[in-house]
Amino acid sequence: MGFRKRGMSHFLKRLKAEPVEVILFLCASSSIIFLFLMLLFIAKEGAQAFLTFGINFIIGSVWETNLDLYGAFPLIYGSLMVVAGAVVIAVPLGVVTAIFIAEVLPFSFRDLIKSLIELLASVPSIIYGFVGLLFIAPQVARLFGISSGTVALTASIVLAIMSIPTIVGVSGEVIAAVPRDFKDAALALGATKWQTIKSVVIPTAKSGILASIMLGFGRAIGETVAVLMVAGNVALIPTPPWNYLSPVYPLTATIAMQMGEAAVGSLEYSALFGLGMILFIVTFIVNTLADAIVKRESKFRSGVK
Amino acid sequence: MSKVREKVLFAFLGIPTAICLGVFFWLASVLLSGFGTIKWNLLTASVLNGGYLEMIVGSAYLLLGAAGIASPVGVLAAIYLVEYAPRGRLTRVIDQAINNLAGVPSIVIGLFGYTFFCRQLGLGISLAAGWFTLSLMMIPIVIRGTEEAVRMVPNAFKEAALALGASKWRTVRSITAPSAAPGIITSILLGIARVAGETAAILFTSCVLVTRGLPKSPFEPVMALAFNLFVKIVALGESPDKVFGIAFILFLMVISLAAAATAFRIYYRRRQPWLK
Amino acid sequence: MSKKANKGISTIAAIAGMLSLLIIGLVAGYYVNAITAGNQTSEFEEDSSWRTASITLSGSTTVLPIANASAIAMMNKYSGVTITVQGGGSGVGYSNIIDGVVDIGMASRDPKTTEITSAQSKGVNLWLHPIALDAVCVVVHPSVANSSHSLNLTLQDVGKIFAGIFTYWDEVEAGLPHQPIVIVVREPGSGTRGTFEEYTMHPWNYNVTTSASVQPSNPAVRTKIETTPYSIGYVSFGFLSDSMHVVSLAKEAGKPYVYPTISSIAKGEYPISRYLYLITNGQPKSGSLADRFIDFVRSKEGQQIVEANGYLKLPYVYPAS
Amino acid sequence: MVKVDIRQLNVWLKGNHVLKDITLTTKENAVTAIMGPSGCGKTTLLRAINRMNEIIAGCRTTGELYINGRNIYDGETNVYELRRSVGMVFQKPNPLPKSIFENVAFGVKIHKMANGESLASIVERSLKEVALWEEVKERLNDSAFSLSGGQQQRLCIARALAVNPEIILLDEPCSALDPIATAKIEALMRKLAEKYTVIIVTHNVQQAARVSDYVAFLYLGELVEYGPTKHVFENPQSKLTERYLTGEFG
């Protein structure tokens with residue numbers, strides 16, 4: 001409370017001294033305001049679902065619109081499964097690519113290849129979905145001898161392709177930020193390039209790389225359109241649960257598919273906002289953690305430990 | 001000899017990079033393969049005659065409006081954060097909020113846009129609702145890009161102005177902002193590129209399948225490439241060859257925006273010696 | 001490079017950029033509005049205000065292609081009218097009419113009781129205008145049945161399959177392969193799904209098994225069935241293909257099995273058929289654009305659009321106007 | 001005894017001719033100082049001795065550089081072994097983001113040198129050689145960044161000593177340090193010369209006079225004068241050297 005009071009009077013003083021600063025401040029705080037409004041309105045619309053089902057809204061395993069039964073667990077599981085698959089594919093590829101570009105590739109190629117991979121990041125998700133549906137799903141079906149290629153694996157592959165540029169971009173930046181000094185120190189001691197990468201570059205950049213993976217994860221779990229087009233959309237936990245060749249129904253796909261059908265104010269409508277709430281909270285936590293990792297790291301660098 | 005072993009090792013490390021590039025070229029070739037099937041006259045033909053013109057211009061309307069909202073807010077916010085913000089709890093919270101806003105999934109932004117802009121503010125399914133919703137996705141990008149650009153302006157420039165007795169805001173206006181302008185423009189372009197292909201956020205907020213012409217006011221709905229592509233594939237189940245044209249144009253539009261942003265950045269980095 | 005030069009360049013670049021975008025936008029807008037203005041023809045009488053009116057439609061994705069094509073045709077014909085078509089689903093079609101958000105709703109099922117009560121409480125009079133006839137056809141992959149060995153089922157058998165009571169094909173009928181049944185359904189809220197369940201599931205209080213694959217559209221179901229051995233699903237009549245086997249249905253055991261054809265559907269012999277509707281709040285005012293649009297869809301030209309999209313035209317003809 | 005023998009060495013960096021025809025020999029167990037105004041190429045010359053210039057893009061080297069009678073630019077030299085035997089200390093202390101112990105142990109580990117003698121004793125010996133042991137023995141696992149600047153620089157020297165080099169290259173090692181820390185490092189250099197061949201780059205004339213046995217004066221990439229320190233300082237052969245020593249430019 002004391003903080004706010006001081007803030008308020010300070011604010012008013014500033015308003016008189018330099019009115020421009022107040023406008024600037026309002027712009028800067030718009031992010032907080034909108035984040036808060038988002039939480040408020042999505043919670044308001046989703047409240048009915050949480051009130052009706054309680055904890056079963058999250059752990060209930062039946063999502064059946066006809067019965068007005070909404071247990072989101074299969075959807076949450078579907079999202080996690082698809083994203084986990086994507087992480088397994090994208091992280092090794094992305095991180096090694098970032099290291100290769102920053103440390104091994106001749107200078108003249110670096111910018112070109114980095115720009116190409118960055119361009120991949122800007123391709124709209126609906127294009128990825130379109131290509132996934134048209135070209136990747138049939139290949140997956142053929143390769144594994146399954147009837148339909150719209151399964152969790154396909155969604156994971158499409159998501160992985162979409163996440164790689166994020167991971168390459170962010171970890172590339174982190175690796176480029178490893179001070180020249182560190183590398184010189186190792187090289188001058190007679191370390192080979194690979195030894196330098198292994199024992200200086202990677203350890204120094206590792207928490208930044210971890211943060212980039214988490215950012216990629218946060219992006220991936222919120223991805224909607226591409227996943228909807230290739231995930232198969234069955235609201236069931238696969239049997240066995242690790243069967244990547246069965247269709248799943250991720251959270252985001254459920255919202256996009258059913259929002260058009262749900263009458264405003266109905267329990268279904270509320271349940272869809274409830275899903276939005278779950279997504280909001282999960283990505284909020286992931287992003288905050290990623291930030292915390294980056295900040296802790298910069299403190300260690302400055303010697304505070 | 002260890003040099004040889006290292007070469008072999010690096011060759012292996014190069015495989016993932018090759019895969020990533022392979023994916024890029026594959027994607028490009030897949031989309032380019034549809035190039036021949038596109039009837040170019042459809043680009044300038046009305047939707048009423050089976051063309052895409054209103055969708056293309058409609059998408060541009062959405063993007064320009066969103067940029068019109070996000071650019072001033074984002075740029076001013078970034079200037080505040082770099083030049084004015086006191087070091088303290090509030091500033092840290094703002095900083096964190098920007099990161100978190102950037103991380104909100106677009107479908108959640110879309111849900112919020114629908115319940116807040118369309119219903120609460122009564123904008124209905126309209127261009128304006130789409131502008132506000134998309135601008136929420138652009139603001140963090142513009143802020144981060146502008147912050148970086150403003151930080152890169154050498155202190156010596158600012159001190160020179162301040163030493164001459166210029167006020168802080170005056171210095172920002174006449175020294176900092178112009179010096180950072182290329183970086184700011186790049187960040188706005190990147191923001192536009194980022195939302196240009198966005199589907200989930202406009203799904204419930206601003207688009208329709210067909211109407212006549214373009215909206216005559218911000219309170220009318222609009223046709224857009226991404227939305228029409230989505231509805232045509234997912235809801236109407238039109239065959240892929242029928243929608244290839246829309247997919248290709250959308251791809252081309254977004255890629256050229258992103259490439260323009262990158263080219264712009266590289267060009268100005270070269271011209272501004274203090275950016276190393 | 002001097003600061004001053006740089007400042008000049010970037011400011012000019014920014015202003016030039018903004019200006020050129022603005023000009024491009026205005027020119028494009030003018031151009032679009034010029035080419036989208038249609039030709040004036042006179043089929044309806046000249047004297048009314050509907051020629052400059054605007055209406056909005058939303059609702060069922062089944063009706064969407066018909067509404068989309070009809071709207072385009074009508075806008076091409078009458079230069080002043082604006083017809084906006086949104087998507088959604090049958091649920092949205094009803095709720096938007098009840099909320100008064102759109103002028104015409106689209107639905108591929110009858111209203112639910114909750115929708116009727118909700119309409120009554122808001123004083124909305126749901127007025128259904130049939131525009132096309134549709135049959136929901138049960139289809140299986142050729143690995144289950146084919147033209148030499150066709151499949152006949154009662155509605156309750158179909159229900160048992162979709163409810164997961166039968167899990168292997170040989171439980172349904174001896175002689176069919178001992179293979180698990182793969183079930184494909186439409187998304188909840190879909191009119192096709194609603195009609196299907198109304199006839200095959202609800203009478204026996206069955207619910208679709210949660211292991212069913214959900215597909216967002218008729219073509220998606222068709223593709224899924226065509227490519228999935230031992231699968232069963234349902235599509236609108238207009239989406240039948242030669243790569244699927246169509247099941248003949250009987251209302252109940254002892255009644256004849258009917259194969260869906262234009263005549264069997266039109267005569268009401270095929271058991272799962274439905275109307276596609278446009279919905280208004282009360283009878284639309286005679287001579288209003290909503291009225292004209294509904295008349296247009298029911299006219300000869302409109303009914304050609306209906307058939308082109310794979311649905312059956314109405315068995316009776318509405319007089320124009 | 002000649003330790004390093006440089007013959008007609010030329011280096012181009014990004015097209016600039018940075019070192020021009022340098023010919024110079026340094027003696028074993030002596031401190032050789034390379035001095036000259038900024039931009040004269042003294043750091044590049046130093047980095048030529050352990051081939052650290054190679055990691056800079058757009059670098060080209062011609063000429064010969066013999067260490068113990070072997071030309072290190074002959075294309076057969078193992079550059080990693082070369083850098084082990086030619087230790088280097090940088091202008092700014094550059095400890096690795098690891099603990100104090102791990103910093104000293106780093107080179108020993110990558111060259112797998114801890115045979116027989118334990119890693120801990122190598123670390124202890126190296127830290128004693130730079131007179132840092134007493135100051136840090138209680139906190140070997142702390143981050144190297146917790147040390148003061150002077151301590152960090154001595155740690156970097158210890159790190160170089162741990163891999164048994166024959167030559168130590170120091171690139172203006174005191175430029176980021178205060179006078180007390182500088183005095184300690186200078187004393188250390190004299191001590192190191194008993195065991196190693198020391199080559200130091202400096203732009204500080206007094207420092208060169210204090211610590212070196214031989215001094216080379218570089219100007220615009222050319223070797224202007226080279227000889228015993230005493231000789232050069234008391235009786236410079238070149239007018240340019242004289243003007244530099246008297247502080248007219250630099």
Side-chain angles (χ1 to χ4, degrees), chain A residues 7 18 20-21 23-25 27-32 34-35 37-38 41-42 45 92-93 96-97 99-101 104 113 115-120 122-127 130-131 134-135 161 164 168 192-194 218 222 224-225 228-229 252 255-256 259 273 276 279-280 283-284 287-288 291, chain B residues 2 6 9-10 13-14 16-17 19-21 23-24 27 30 73 76-77 79-81 84-85 90 93-94 96-101 103-108 111-112 115-116 120 136 139-140 169 193-194 196-200 203-204 226 229-230 233-234 240 247 250-251 254-255 258-259 262:
Chain A
E18 212 171 342
V20 162
E21 193 177 332
I23 297 173
L24 297 185
F25 174 76
C27 287
S29 27
S30 65
S31 294
I32 297 185
F34 277 115
L35 217 50
L37 282 175
M38 227 175 259
F41 274 83
I42 292 174
E45 301 282 14
L93 280 176
V96 175
T97 300
I99 293 171
F100 187 81
I101 292 175
V104 183
I113 293 190
S115 313
L116 279 182
I117 290 179
E118 272 172 12
L119 273 190
L120 269 179
S122 57
V123 175
S125 64
I126 189 159
I127 300 286
F130 183 68
V131 171
L134 233 57
F135 299 95
I161 296 177
I164 284 175
V168 172
T192 63
K193 214 168 184 182
W194 171 240
T224 308
V225 172
L228 178 153
M229 291 166 82
T252 49
I255 299 175
M259 191 59 191
F273 275 86
L279 271 174
F280 184 86
T283 49
F284 193 93
N287 283 305
T288 311
D291 268 19
Chain B
S2 64
E6 194 162 283
L9 184 72
F10 283 159
L13 279 186
T17 312
I19 293 175
C20 292
L21 289 177
V23 167
F24 181 85
L27 201 68
V30 159
V73 174
L76 294 181
I79 287 174
Y80 175 80
L81 288 173
Y84 287 84
L90 186 61
V93 172
I94 292 178
Q96 185 67 51
I98 294 165
N99 281 349
N100 282 322
L101 187 62
V104 176
S106 57
I107 185 85
V108 177
L111 279 180
F112 170 70
T115 174
F116 187 71
Q120 187 74 27
L136 285 184
I139 286 174
W169 176 238
R194 168 86 176 76
E198 184 48 49
T199 313
L203 204 52
F204 325 126
L229 183 58
F230 180 80
I233 299 174
V234 174
L250 183 63
F251 175 74
V254 176
I255 284 288
T262 310

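Quantities reported herein were computed from a predicted structural model and do not represent experimental measurements. Lettering of chains follows the sequences in order, A, B, ..., and the numbering in each one begins at 1.
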Do you know which of B/V234, B/I139, B/L27, B/T262 has the most heavy-atom pairs under 4.5 Å to chain A? B/L27
Minimum heavy-atom distance between B/A97 and A/I32, given as atom pair plus value: CB-CG1, 3.6 Å
Checking A/D291, A/T288, A/N287 against B/N99 for side chain to side chain donor-acceptor pair (under 3.5 Å), the one that qualifies is A/D291
Using a 4.5 Å cut-off on heavy atoms from C-beta on, say whether the side chain of A/I42 contacts that of B/F112. yes
Among A/S29, A/P124, A/P92, A/G222, single out the residue with the greatest number of heavy-atom pairs under 4.5 Å to chain B. A/P124
Once you round to the nearest 0.5 Å, how far does CG of B/L101 lie from CD1 of B/I94? 13.0 Å
Side chain, backbone, both or neither: which part of B/I98 has an atom under 4.5 Å from a heavy atom of chain A? both
Based on non-hydrogen pairs under 4.5 Å, which of B/A247, B/A259, B/A193, B/A85 is most in contact with chain A? B/A247
Chain B heavy atoms under 4.5 Å from A/L116: which part of the residue, side chain, backbone, both or neither? both
When the 4.5 angstrom heavy-atom criterion is applied to A/S122 and chain B, the contacting part is both
What are the two closest heavy atoms between B/C20 and A/T97, and how far apart are they? SG-OG1, 3.5 Å
Verdict with supporting geometry, A/F130 and A/V225, side-chain contact (heavy atoms from CB on, under 4.5 Å): CA-CA 9 Å; A/F130 183 68; A/V225 172; over 6 Å; no
B/L111, B/V108, B/V30, B/V104: which one forms the most heavy-atom pairs within less than 4.5 Å of chain A? B/L111
Heavy-atom cut-off 4.5 Å, strictly under: side chain, backbone, both or neither for B/F204 against chain A? side chain
Any chance you could measure A/I126, atom CD1, to B/L229, atom CG, to the nearest 0.5 Å? 4.0 Å
Relative to chain A, which segment of B/L13 carries a heavy atom at a distance below 4.5 Å: side chain, backbone, both, or neither? both
Can you tell which of A/I113, A/V168, A/I23, A/I117 has the highest number of heavy-atom pairs within less than 4.5 Å of chain B? A/I113
Please look at A/L119 and chain B and tell me whether the side chain, the backbone, both or neither of the residue comes under 4.5 angstrom of a heavy atom of that chain. both
Please report the shortest heavy-atom distance between A/L35 and A/F280, naming the atom on each side. O-CZ, 4.0 Å
Under a 4.5 Å cutoff for heavy-atom pairs, which residue among B/L203, B/I233, B/V23 has the most contacts with chain A? B/I233
d(A/S125 OG, A/M229 CE) to nearest 0.5 Å is 9.0 Å
Among A/I101, A/V131, A/I161, single out the residue with the greatest number of heavy-atom pairs under 4.5 Å to chain B. A/V131
So, the part of A/I164 with a heavy atom under 4.5 Å from chain B: the answer is side chain
